[in-house]
Amino acid sequence: MSKGTLFDKVWQTHRVGTLPSGQTQLFIGLHLIHEVTSPQAFAMLRERDLTVPFPERTLATVDHIVPTENQARPFSDVLAEEMIQALEDNCKQYGIRFNNVGSGRQGIVHVIAPEQGLTQPGMTIACGDSHTSTHGAFGAISFGIGTSQVRDVLASQTLAMNKLKVRRIEVNGQLRPGVYAKDVILHIIRKLGVKGGVGYAYEYAGTTFEQMTMEERMTVCNMSIEGGARCGYVNPDQTTYDYIQGREFAPQGEDWQRALRWWNEIRSDADAEYDDVVVFEAQEIPPTITWGITPGQGIGVDESVPMPESLPQGDRAIAQEAYQYMQLSPGQPIQGTKVDVCFIGSCTNGRLSDLREAAKFAQGRQVAEGIKAFVVPGSEEVKRQAEAEGLDKVFIEAGFEWRNAGCSMCLAMNPDKLQGDQISASSSNRNFKGRQGSSSGRTLLMSPAMVVAAAIHGTVADVRDWI
């Protein structure tokens, strides 16, 4: 195998050819679909009388529009019911596996594929969802794609793409207590900007990532897209292999040994050349929270909303927009900001380890009066495991609502929405205007542990005060 980065090796291995446009025709090993971006793609197939030649390489689930309280069919939302019916019909017609509600295997698409062992090192993965970069935690090259590209992958199992540059982002050292993977990626985006990764794949490296669990690595890779990168990945290692081994779709027996040899070969070489290298120290990363309307507008929990003159000239216009929309003043401490809703879940932080960590801080405490706080497991499997450990009881006793699996208030294409200008402490991934279901709703991104602290205090609080 040729020398270079993991990205270079995987790209070359999956390259089918070069198109007249100069783009690479890239084979896609795993295609993940859901109810929002697939109906139009299937309609395009029918218009052109095309088939799905590799249905075994596609997995479908329903997540964005699923209600998390009452999941009885038909859904009360007529449009949501029509969307799930369309996905059911399309999967049946084209022979695609569908993890439907109640199957025990349904959940957010970027949660269920790893937990079933479908996501593996060295793969190319595509999904009609921005946060497909999550799967890069395993050493896969994974892309969010648009509806017409969903059609292309269904019809040909390939994508037309331009090759990306690779930036190595090193974080070294031990994270301080109360600082989590979510803080790491928010800090990176704060420093490099929401457009800093345009045209790049991010390779996350250094001792901090080496020490992270797979679920922590997934959190970091998940938000690569928020920093402008098309994908982000971590080189596979023993932590990766231990996570995959024994899962339903993991290689078995001799296939496992062959897979291990391949996975070790695709790791970036020690002398690999990168287009850029950026280095951070873990000890310098605080619990980080967004104050504005992009994931790059973040500060440490013990900092204040930045003054306009402290920002680069190019960031001042959107900062002015953020001050007004978020109803925050320059120089105002972020700690103590009143919240209305506290949400733990999403493809960023809705996994079992996220719920375990949040439950540690919820145990024996009580949600502040007037706060709506709820927990949404990322999959039916996560929900089942959490309940087996009694985490649901911890949250319920603390005053949180315990829900069924789904995307929930991350993007609010379901009944979970902010009302008016409510402000949400959210473990999700985007704080855009209107993102959580209200055109004037406000979102503060933070780690699940910090969400619990906000729920208990009724205001933004520093979880380190409890450590």
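On a predicted model such as this, the values are computed, not experimentally measured, just so you know.
Of the N and O atoms on the side chains of Glu387 and Trp402, at least one donor lies less than 3.5 Å from an acceptor on the other residue. His110 and Asp129 are linked by a side-chain donor-acceptor pair at a separation below 3.5 angstrom, with hydrogens and angles left out of the test. Neither side chain, Gln335 nor Asp462, offers a donor N or O lying under 3.5 Å from an acceptor on the other. Side-chain contact, Glu203 with Thr5: no donor N or O sits under 3.5 Å from an acceptor N or O. Ser76 and Asn70 share no donor-acceptor pair across their side chains, judged by distance under 3.5 Å alone. A side-chain N or O of Asp237 and one of Thr240 form a donor-acceptor pair less than 3.5 Å apart. Ser426 and Ser424 are not linked by any side-chain donor-acceptor pair at a separation below 3.5 angstrom, with hydrogens and angles left out of the test. Counting only N and O atoms by type, the side chains of Ser427 and Asn349 include no donor and acceptor under 3.5 Å apart. Side chains of Gln324 and Gln320: a donor-acceptor N/O pair is absent below 3.5 angstrom, by distance only.
Looking at Arg356 and Lys360, their side chains never come closer than 4.5 Å, going by heavy atoms from C-beta outward. Counting heavy atoms from C-beta outward, Glu81 and Val78 have side chains that stay 4.5 Å or more apart. You'll find the side chain of Pro67 stays beyond 4.5 Å of the side chain of Asp77, heavy atoms only. Side-chain contact check for Thr147 versus Met44: some heavy-atom pair is nearer than 4.5 Å. Within the 4.5 Å cutoff, side-chain heavy atoms of Arg190 are placed close to those of Ile299. A 4.5 Å side-chain heavy-atom check between Ile225 and His131 finds at least one atom pair inside the cut-off. Here the side chains of Ile33 and Leu87 are in contact, with some heavy-atom distance below 4.5 Å. The side-chain heavy atoms of Phe42 and Asp89, taken from C-beta on, include no pair separated by under 4.5 Å.
Using modelled atom types, one side-chain atom of Gln436 and one backbone atom of Met409 make a donor-acceptor pair closer than 3.5 Å. Looking only at distances, no side-chain donor or acceptor of Gln106 sits under 3.5 Å from a matching main-chain atom of Ser103. A donor-acceptor contact shorter than 3.5 Å is absent between the side chain of Arg403 and the backbone of Pro377. Looking at Asn404, its side chain does come within 3.5 Å of a backbone N or O of Glu69 through a donor-acceptor pair. One N or O on the side chain of Arg384 and one on the backbone of Gly104 form a donor-acceptor pair closer than 3.5 Å. Put simply, the side chain of Arg230 never gets that close to the backbone of Ala201: no donor and acceptor are under 3.5 Å apart. For the pair Thr288 (side chain) and Pro286 (backbone), a donor-acceptor distance under 3.5 Å is present. The backbone N or O of Phe395 lies less than 3.5 Å from no partner atom in the side chain of Asp392, so there is not a single donor-acceptor pair. Thr208 places a side-chain N or O within donor-acceptor distance of the main-chain N or O of Gly173, the cut-off being under 3.5 Å. Tyr323 contributes no side-chain N or O that, together with a main-chain N or O of Gly292, makes up a donor-acceptor pair within less than 3.5 Å.
Here CD of Glu115 is found 14.0 Å from CD1 of Ile244. Values are rounded to the nearest 0.5 Å. Distance check, rounded to the nearest 0.5 Å: CG of Leu328 to CD1 of Ile334 gives 5.0 Å. Distance CD1/Ile65 to CE/Met413: 8.0 Å, rounded to 0.5 Å. Note that OG of Ser329 is 9.5 Å distant from CE of Met307, once rounded to the nearest 0.5 Å. In this structure, CG on Asp315 lies 8.0 Å from CD on Gln297, to the nearest 0.5 angstrom. For the atom pair Arg57 CZ and Leu30 CG, the distance stands at 8.5 Å (nearest 0.5 Å).
Sorted by first and then second residue, the ring pair (Phe, Tyr, Trp, His ring centres under 6.0 Å) pairs with a member in residues 443-467 read His457-Trp466; sequence neighbours excluded.
Heavy atoms of other residues, nucleotides or ligands lying less than 6.0 angstrom from CD of Glu369 number 12 at most.
By the 30° and 60° cut-offs, the orientation of the rings of Phe143 relative to Trp11 is perpendicular. Note: His64 and His34 have parallel aromatic rings, judged against thresholds of 30 and 60 degrees for the angle between ring planes. The aromatic rings of Tyr202 and Tyr200 are tilted relative to each other, their planes meeting at an angle between 30° and 60°.
With sequence neighbours left out, the ring pair (Phe, Tyr, Trp, His ring centres under 6.0 Å) criterion links Phe343 to Phe374.
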Notebook entry, point to check: Step by step, would you call Arg105 with Glu248 a salt bridge (charged side-chain N to carboxylate O under 4.0 Å, His left out)?
Noted result: CA-CA 12 Å; Arg105 305 161 65 82; Glu248 182 178 0; 2.9 Å; yes
Note to self: What verdict does the side chain to side chain contact (heavy atoms under 4.5 Å, CB included) test give for Tyr233 and Ile141, after you've listed the backbone C-alpha separation in whole Å, the side-chain angles of each residue and the deciding distance to 0.1 Å?
What the structure shows: CA-CA 7 Å; Tyr233 66 88; Ile141 301 302; 3.9 Å; yes
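A cation-pi arrangement, defined by a distance under 6.0 Å to the six-membered ring centre and an angle within 45 degrees of its axis, is present between Arg97 and Phe249. A cation-pi arrangement is not found for Arg365 relative to Phe361, the charged atom failing to lie both closer than 6.0 Å to the ring centre and inside a 45° cone about the ring normal.
Classification of Glu88 and Arg73 as a salt-bridged pair holds, one side-chain N sitting under 4.0 Å from a carboxylate O.
Between Met218 and the choices Thr213, Asp354, Thr134, the side chain to side chain contact (heavy atoms under 4.5 Å, CB included) rule is met once, by Thr134.
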